[in-house]
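Everything below concerns the one structure shown next.
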Amino acid sequence: MRRLQPKLFPRPISFAGAVMLWPALLTTTAVADPHPRREVTVLTVNNGQEVLVDLQGEGRAVRLACIQAPLAEQKPWAERATAQLRRSLQPGSIVALELRARDVYGRVVARLINDGADVAAPLLRQGAVFAYDGYLGQCNDLDYDRFESTAKTAQLGIWSVPGGIQRPWNLIEASGGRLAP
């Protein structure tokens, strides 16, 4: 069996660039659709916010849009987020990928929808991850802030610590970019 590896672009691609490239990646794209969808096969869950999928025979790293999982250094929260995402996305699952952008690391940034349900929503509702639109600013159509607020009120997961755990984006900034998102 051929092993699929993530293919990274040699330089960052803007949202506009990603939208222009999307038709080359996908054969069924609606021009008027701001978030085109395509079915992909889950290969593995890399962490609480990143999944490797088979997209037209190539392994592509997909960063879940509009969320931020705890960093690997934030134990046990990072492991919990990863385990929860793995429970919802089994290898071989066919899911809908809804394009949002491409990030500076070459990953596709997208929502994943499994059996009609947004994969990130339960992660937010159970306090496994943070709602985070600073990454792209393309999250206005999602209820992620409300889901996070519900988990915060119920003191679930990362919100069981008063005020929540340290925000991953603050840790990344404080590290001078040494820590990877």
Side-chain angles (χ1 to χ4, degrees), residues 6 9 12-42 45-56 60-71 81-82 84-89 93-154 156-159 164-165 167-170 172-173 181:
F9 283 92
I13 297 176
S14 68
F15 178 73
V19 170
M20 288 176 21
L21 281 175
W22 194 244
L25 294 173
L26 306 177
T27 57
T28 56
T29 302
V31 175
D33 188 355
H35 305 297
R37 289 188 183 185
R38 170 71 184 222
E39 284 192 348
V40 297
T41 303
V42 173
V45 170
N46 294 337
N47 58 46
Q49 69 189 23
E50 185 181 284
V51 178
L52 185 66
V53 302
D54 179 349
L55 179 63
Q56 294 184 328
R60 293 284 181 171
V62 175
R63 188 205 193 282
L64 295 180
C66 309
I67 67 165
Q68 175 70 53
L71 301 177
T82 301
Q84 187 171 341
L85 186 54
R86 281 190 178 132
R87 283 190 295 275
S88 65
L89 289 177
S93 300
I94 306 294
V95 298
L97 181 149
E98 181 185 275
L99 176 69
R100 294 290 170 141
R102 184 171 300 281
D103 71 9
V104 297
Y105 301 100
R107 298 174 295 191
V108 170
V109 179
R111 271 182 54 196
L112 293 181
I113 299 152
N114 190 9
D115 291 329
D118 184 335
V119 169
L123 297 171
L124 289 155
R125 285 188 188 108
Q126 296 170 14
V129 299
F130 294 93
Y132 183 62
D133 73 344
Y135 199 65
L136 352 142
Q138 300 287 327
C139 306
N140 298 359
D141 61 326
L142 304 172
D143 287 333
Y144 288 4
D145 288 332
R146 185 172 54 86
F147 300 154
E148 180 184 80
S149 182
T150 301
K152 190 184 295 188
T153 300
L156 299 174
I158 56 179
W159 304 109
I165 65 170
R167 305 311 187 261
W169 51 89
N170 292 339
I172 293 166
E173 186 177 333

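Note that the structure is a prediction, hence the values are computed from the model and not measured. What you see below is based on every heavy atom in this structure, not just the backbone, and it leaves out hydrogens, waters and symmetry mates.
Salt bridge status for Arg125 with Asp143: absent, with no side-chain N to carboxylate O gap under 4.0 Å. With respect to the salt-bridge test (charged N to carboxylate O, under 4.0 angstrom), the residues Glu50 and Arg63 do not qualify. Using a cut-off of 4.0 Å between Lys/Arg side-chain N and Asp/Glu carboxylate O, Arg146 and Glu148 are scored as not salt-bridged.
Taking all atoms of both residues into account, the shortest heavy-atom contact from Ile158 to Ala128 is CG2-O, 4.3 Å. When all heavy atoms are compared, the tightest approach of Ala61 to Leu52 is N-CD1, 3.8 Å. In this structure, Leu55 and Arg60 approach most closely via the heavy-atom pair CB-CG, 3.8 Å. Closest approach of Pro168 to Ala69, counting heavy atoms only: CG-O, 3.5 Å. Taking each heavy atom of Gly48 and Ile67 in turn, the nearest pair found is O-CD1, 4.1 Å.
No donor-acceptor pair under 3.5 Å is formed between the side chain of Asp103 and the backbone N or O of Val109. A side-chain donor-acceptor contact under 3.5 Å links Gln84 to the backbone of Pro122. With Arg37 contributing its side chain and Leu97 its backbone, the two residues share no donor-acceptor pair below 3.5 Å. Of the possible polar contacts, one joining the Thr153 side chain to the Ser149 backbone as a donor-acceptor pair under 3.5 Å is found.
Remark: Tyr144 engages no residue in a ring-ring contact (aromatic ring centres under 6.0 Å, His included) (not counting sequence neighbours).
Taken from CZ in Arg107 to CG in Leu64, the straight-line distance is 10.0 Å, to the nearest 0.5 Å. Remark: Phe147 CZ to Lys152 NZ distance equals 15.0 Å, nearest 0.5 Å. Atom CG of Leu124 sits about 12.0 Å away from atom CG of Leu156, to the nearest 0.5 Å. Annotation: the span from Arg167 atom CZ to Leu71 atom CG amounts to 12.5 Å, rounded to 0.5 Å. The line from CD1 of Ile165 to CZ of Phe130 is 4.5 Å long, rounded to the nearest 0.5 Å.
Here the side chains of Ile113 and Glu98 are in contact, with some heavy-atom distance below 4.5 Å. You'll find the side chain of Val95 stays beyond 4.5 Å of the side chain of Thr41, heavy atoms only. The shortest side-chain heavy-atom distance between Arg111 and Val119 does not fall under the 4.5 Å cut-off.
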Test log, rule side-chain contact (heavy atoms from CB on, under 4.5 Å), inputs Val51 and Asn46: CA-CA 5 Å; Val51 178; Asn46 294 337; over 6 Å; no
Leu123 vs Leu85, test: side-chain contact (heavy atoms from CB on, under 4.5 Å). Steps then yes/no. CA-CA 7 Å; Leu123 297 171; Leu85 186 54; 4.0 Å; yes
Taking it one step at a time, do Val40 and Ile94 satisfy side-chain contact (heavy atoms from CB on, under 4.5 Å)? CA-CA 6 Å; Val40 297; Ile94 306 294; over 6 Å; no
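For Asp141, the CG atom is densely surrounded, since the number of other residues' heavy atoms within 6.0 Å is greater than 12.
Taking the six-membered ring for Trp and thresholds of 30 and 60 degrees, Trp169 and Tyr132 have nearly parallel ring planes, at less than 30 degrees apart.
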